Every structure is written in C-alpha cells, then in structure tokens.
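Since we're looking at a predicted model, the values are computed, not measured. What you see below is based on every heavy atom in this structure, not just the backbone, and it leaves out hydrogens, waters and symmetry mates.
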Amino acid sequence: MQVGSPSHALIPPFTSLSLSPTSATMLHASLSSLHCSSASPSPSPPRLSSPSLYPSSPSSARPTCLRSRHVLSFSVPAKTHLRAKSKSMGLKVNCLAGEPLKVMISGAPASGKGTQCELIVKKFGLVHISTGDLLRAEVSAGTEIGNKAKEFMNAGKLVPDEIVTAMVTARLSLPDAQEKGWLLDGYPRSYAQAQSLEERKIRPDIYIVLEVPDEILIDRCVGRRLDPLTGKIYHIKNFPPETEEIKARLVTRPDDTEEKVKSRLEIYKQNAQAILSTYLSVMNKIDGNRPKDVVFGEVDSLLSRVQKDKAKTTKLGNPVSGISLPSNQATKKEGKWRGIPTRLNNIPHSREIRTYFYDDVLQATQRAIYDGKTRLKVEINIPELNPEMDVYRIGTLTELVRVIALSFADDGKRVKVCVQGSMGEGALAGMPLQLAGTRKILEFMDWGDDGALGTFIQIGSIGAKEVDEQDDIFILVAPQNAVGNCIIDDLRGMTESAGMRPVILINPRLKDLPGSSGIMQTMGRDKRLEYAASFENCYFFRLLYYAGTQYPIMGALRMSYPYPYQLYKRVDQPSRKEEYILLSTFDGRPSIDEVNDAFLGKPRLVLS
C-alpha cells in the first residue's frame, strides 16, 4: 500500500547562452551582471497510537494540508514469485537529441590529460576549450576582460571565478562550440565554478577523470624538460630528446620541482573532491597509468557509447532532458503517478508489486544522489521487507539491492554492496538472524550477462578497510545492531573513509539494543544516535495498522525524495476492491498524533 512518487528531471534542458565572446564589450557586460490546510473529514476509526503501528519520530515537521482529497488506485494481477532478470540499460548521459557531444575532462598535473584532449579532438572533432588558453588569448589581445585578468595575474593572485566563468560561458556560446560540441579541459576547478555553470544550465554529457598514482605523477613532472626554442616537452627517461644539441638547451620549468608538484597535487585533489557531487551522475574514472593508446581506447569507447545513446533517443523521439535516470518515467509529473498498489497483505507479493517498489525506491535514490546527497537511507516496510513479520523474505531485499546496484553500474559507477560480518567474540559472536546467509545469496545471484559482478559491482563487508579508492558508491544491506554488539563504529569508520562518496543504507536498524551489562545502552549512546540520525531518508514507506495488529491495513505513509511525506487512507470499495485516498502531506516525518489527527479529520494548526 505504498505511495509511489513521480520522477522529475533534475536539470532543465540546455539553453544557448546570450554572451558573444567576439565582443569584449558584451563579455564585460556579462561579467558585470555577475557582480552586479486541513484534511477532509472522514469517519472516525479507532485511534492509531501504538508504536507497533508507527514508530516514534521527530514531530518537528510542519505539515501542509491538502484542501481536497485525490483518489489514487492501482490494481495488480495476483501473480506470484518474481524472477528479476537484470538488463543492461546502457551508459546514462545528459544529451539532448540533435546536440553534439559536451565533454569535461579532469586530471592531475602530468596525468596525460593534454594528450587525451588532442586525441579526443582528432577523433570526435570537438572544440577544445582550456581556461589557460582563454586567459592568455584575452591578455594577449588586450581586451578589457584580459586586462582585468592581467591585474590579478601580475599581482600573483588567482583570477576570480566570475571572470573565468564569464570567459568560459562566452566561448561555449560561439557557433563552432554549439555546432561541433565542446571539450572543456580542466574546468571547473572549484565547487563555486561548478555551481556557476549549473546556474547557466551548462552541464556535460560525460565527465572523464584520469587517475594516476601520485608517485607516477611526481616522476613525470620532475623528469619533464622544455625545449625553449620549439616549445616541445621531453622527459629525461620516458621521452628523451632526439639529439645532444636539443638535450643541451632543455630547461626545467619553474613549477616542475618535487615540492611544487606535491603542492599542486594537493590543490588538485581538494578541487576534484569539491566538485565531485556536482558531476557524480555523469562521471567516469579512467586509469591513466597506462600507455596513451590504451587509455584513449577506453575514452573512445565511453564517448562512442554516449553518441550511440544519443542517437537512440533521437530515433525514438524521446530526448533526455537533464540528468537521465534509468527509468523513462523520469519526466512524469506527480499528478500522473499511478498510486499505491493494492492487496499488499497478499503474500507472496506479485511481480508487479515488487517491480513497482523497486522502481520507486530506485528513482528516489537516484534523485538524491544526483542532487549531491551522500548519506542516505531507504526505509521500506512492505510485508516481505518487514523482518518483524513471518512473511519476511531475504530474497526480496537482495533483489531490491541488485536493482539499485545494477542501475548505478550501468551508469559507469563502481558499486560496493556491503553486508556486515560476524560481530563480537566468544558467546556473543555472530550476526543478526535477518542477515544470515545474505552475502552468499548476493554472490550467487544472477547479475546479468554483462559481467557486472566482479567488475563494476563488488561484494564486501562493513568497515573502513572495505573502502577502496576505485569505489564510487556504497550500498549497505540492512546494517543493524545485535544484542551486546554495535555496528555503529564500523559504519562510522566506513563513512569517514568514503569521504564525499555516497553511502546508502537499505532498511537499517540502528537503535540501541541491550547488552548483558547494559553498557551498550549508556556509554556513548547520544553520539551513536546522533550518527544514526545523520543519514537522510531518500525513501520511506510504511503500512499503517491498528495498534497491536497487522490486519487490516488502515493506510500508508510514503516519502520519495525530494517530495513531502504523503499520508494515505485505505478505503474498501464494492466487489472487494480497494483504493488509497491522500489525506495530507507533511514537510517532515509526521508524529503519531499528527497521523491520528489526519485520520480523524482534525484541522491542523500552522504557526505563522
């Protein structure tokens, strides 16, 4: 009886910029602009007040009542078991039909980014845009914007973001970039720059990050030599000069000392981390510590897949707007949402019901991730996913995890699915019964024919040591405390190691449980609860029953990021049918009293 939520595109379509970079006056003008309710009454049911009906939750939510009730229903044929067949959905990109490629590339100094840019331009014909080149061109031309930039450069200061962004947006608006597509090299470098581009609706189809170990980068930089006559770059070991005459005149660039290289690497890492959340949905990491032809082979493959995806959407007449989500429902409006499925007390759930919830959870999770959220939790308590009911099925939980993991893997992300291992020692050693055998089930599940498991998807445990550098997203399967043992420390260590990479908890149970000596209940309890509360709900669904019962279903509470909590009442209809009526919405999770008041039709007070 859950309420599903619409999937909305997060980023509006790309629009052409009005700046004309051929005119320094217009560019300067652009730069200057940068500075410059109550629910309807219903019959009074018995009071819904037991914690078994609805767990206590913060009541700080400020509800917004609906003036009219909307009837939403969803009939489902009574089928039985679900056999989820994974299906590759291809690389998710941000292309609009008929548009050329829009590519961003990032890499540390000496990562080979320049070489890859040359190869990309040669193969795909994109317009190569480098902020360094733009600045030098403006300064050399003596334009007003160039003179402004020169003042900062001569003073040894960084050119302000608004000046650089104005030049970049102006260059991107030129006809050649609009017609051929563009390759933005090494920009944006900060969160502010990335957000400035977002505000101008400038977003890449794909964001390529070249990864090379620090020691290799330092060796490449320190061994690099410049020929002052030709401008050609050599390396004393990897690419020595052709003659002794050339060798004699080579010089070391002032910023190619080991000390300065290390400093530049630290700055690069800080900048890369700052913009990670903005481009996570279209980011693809590539191992740059390989021969340039091998690296470009992977780059070529990625960009070709982007073009293929774009051509497919053009052919189908269904261009993707904004960040594309795996479901074609991403542009549906809330009013067209099909409503809560019925007969949720029929066990086993039908294929349609399971698929409905899998898709609903997936879309909410994607919206939250693509919106930059990094600490998320999914709480869904339909009967087959409620461990307190005897119809609980671990297979339904693992299928949900598989759907989410495969979606992000299809997006080019490396996903680690984590199940906690045995906790405690001696007589207290073991794991919660709910998770027994879960890891084995995940390892032997059908993950599709594309070899996702072992490449883009890894199975691991929970803890700081499980976080690898290549991991992009972590999905934790029902992490929970056990009697006498607490998973919080392992969780905290893992999230700290993950940094800004998303961590998603699926049906966590992090409340304190009593230990033999009561230690778990007292020592550090406030800190544990504070940490557990730091995870934000991206999806919530709970069926509502009378206190102390599990039948009949009285209604449901649902939240799908970024939309409000929705409270529904189940109503019986003739011929043994049923439907769900939307009673009210809440900005935050409502309290038990607020739920009861909505069912009783009481008006709610809103403080002005």
Side-chain angles (χ1 to χ4, degrees), residues 1-7 53-54 69-85 325-330 332-367 378-386 389 391-393 395-404 407 506-507 537-545 550-561 563-585 595 599:
M1 319 189 77
Q2 176 186 17
V3 182
S5 140
S7 2
L53 158 91
Y54 187 73
R69 294 190 286 181
H70 303 278
V71 177
L72 302 174
S73 63
F74 177 67
S75 299
V76 181
K79 295 185 180 180
T80 53
H81 300 278
L82 170 64
R83 169 96 162 95
K85 181 68 174 176
L325 304 179
S327 171
N328 287 333
Q329 311 302 318
K332 279 191 174 181
K333 302 296 183 184
E334 182 86 25
K336 295 182 180 180
W337 171 64
R338 55 182 176 172
I340 301 178
T342 58
R343 307 301 174 190
L344 283 176
N345 263 354
N346 290 354
I347 304 298
H349 294 321
S350 67
R351 175 190 300 271
E352 287 80 2
I353 286 178
R354 290 183 192 147
T355 301
Y356 165 86
F357 281 110
Y358 297 161
D359 289 344
D360 206 29
V361 172
L362 174 61
Q363 291 177 27
T365 305
Q366 288 174 322
R367 287 192 294 265
V378 171
E379 295 181 278
I380 172 172
N381 276 27
I382 58 176
E384 285 191 4
L385 288 174
N386 186 349
M389 302 182 73
V391 294
Y392 171 76
R393 289 187 165 200
T396 304
L397 177 64
T398 53
E399 281 177 345
L400 171 61
V401 170
R402 177 174 61 185
V403 167
I404 298 173
S407 173
I506 308 295
N507 275 2
N537 270 112
C538 63
Y539 188 85
F540 181 93
F541 182 82
R542 182 177 294 276
L543 294 174
L544 305 180
Y545 302 88
Q550 293 179 342
Y551 186 87
I553 297 172
M554 300 307 301
L557 183 68
R558 171 186 178 274
M559 188 281 290
S560 179
Y561 181 90
Y563 307 108
Y565 282 81
Q566 301 167 315
L567 178 63
Y568 284 80
K569 177 181 179 181
R570 189 187 68 84
V571 177
D572 290 321
Q573 298 293 337
S575 302
R576 304 188 65 181
K577 294 183 179 179
E578 63 184 15
E579 63 186 13
Y580 286 83
I581 297 175
L582 181 60
L583 293 181
S584 191
T585 63
V595 170
F599 269 82

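- M559 contributes atom CE, which lies 10.0 Å from atom CD of Q566 (distance to the nearest 0.5 angstrom).
- A 4.5 Å side-chain heavy-atom check between L400 and I380 finds at least one atom pair inside the cut-off.
- Legend: residues meeting side chain to side chain contact (heavy atoms under 4.5 Å, CB included) with N386, ordered by chain and number and at least two apart, are N381, E388, M389.
- A distance of 7.0 Å separates CG in L385 from OH in Y392, rounded to the nearest 0.5 Å.
- Side-chain atoms of Y356 and H349, non-hydrogen and from C-beta on, never get closer than 4.5 Å to each other.
- Taking NZ from K569 and OG from S584, the interatomic distance works out to 13.5 Å, rounded to the nearest 0.5 Å.
- One N or O on the side chain of T398 and one on the backbone of G395 form a donor-acceptor pair closer than 3.5 Å.
- F599 places a side-chain heavy atom less than 4.5 Å from the side chain of L567.
- Side-chain contact between Q366 and L362: present, with at least one pair of heavy atoms (C-beta onward) separated by less than 4.5 Å.
- Of all the heavy atoms in D360 and S560, the pair that sits closest is O-OG, 4.3 Å.
- The CD atom of E379 sits 9.5 Å away from atom SG of C538, with the distance rounded to the nearest 0.5 Å.
- Side-chain contact between K577 and T342 is absent, with no heavy-atom pair separated by less than 4.5 Å.
- The distance from the CZ atom of R393 to the CD1 atom of I347 is 7.5 Å, given to the nearest 0.5 Å.
- Interatomic distance, I404 CD1 to T365 OG1, rounded to the nearest 0.5 Å: 4.5 Å.
- For T396, the side chain to side chain donor-acceptor pair (under 3.5 Å) criterion is met by E384, not counting sequence neighbours.
- Evaluation of the side chain to side chain contact (heavy atoms under 4.5 Å, CB included) rule for P564 yields T585 as partners, not counting sequence neighbours.
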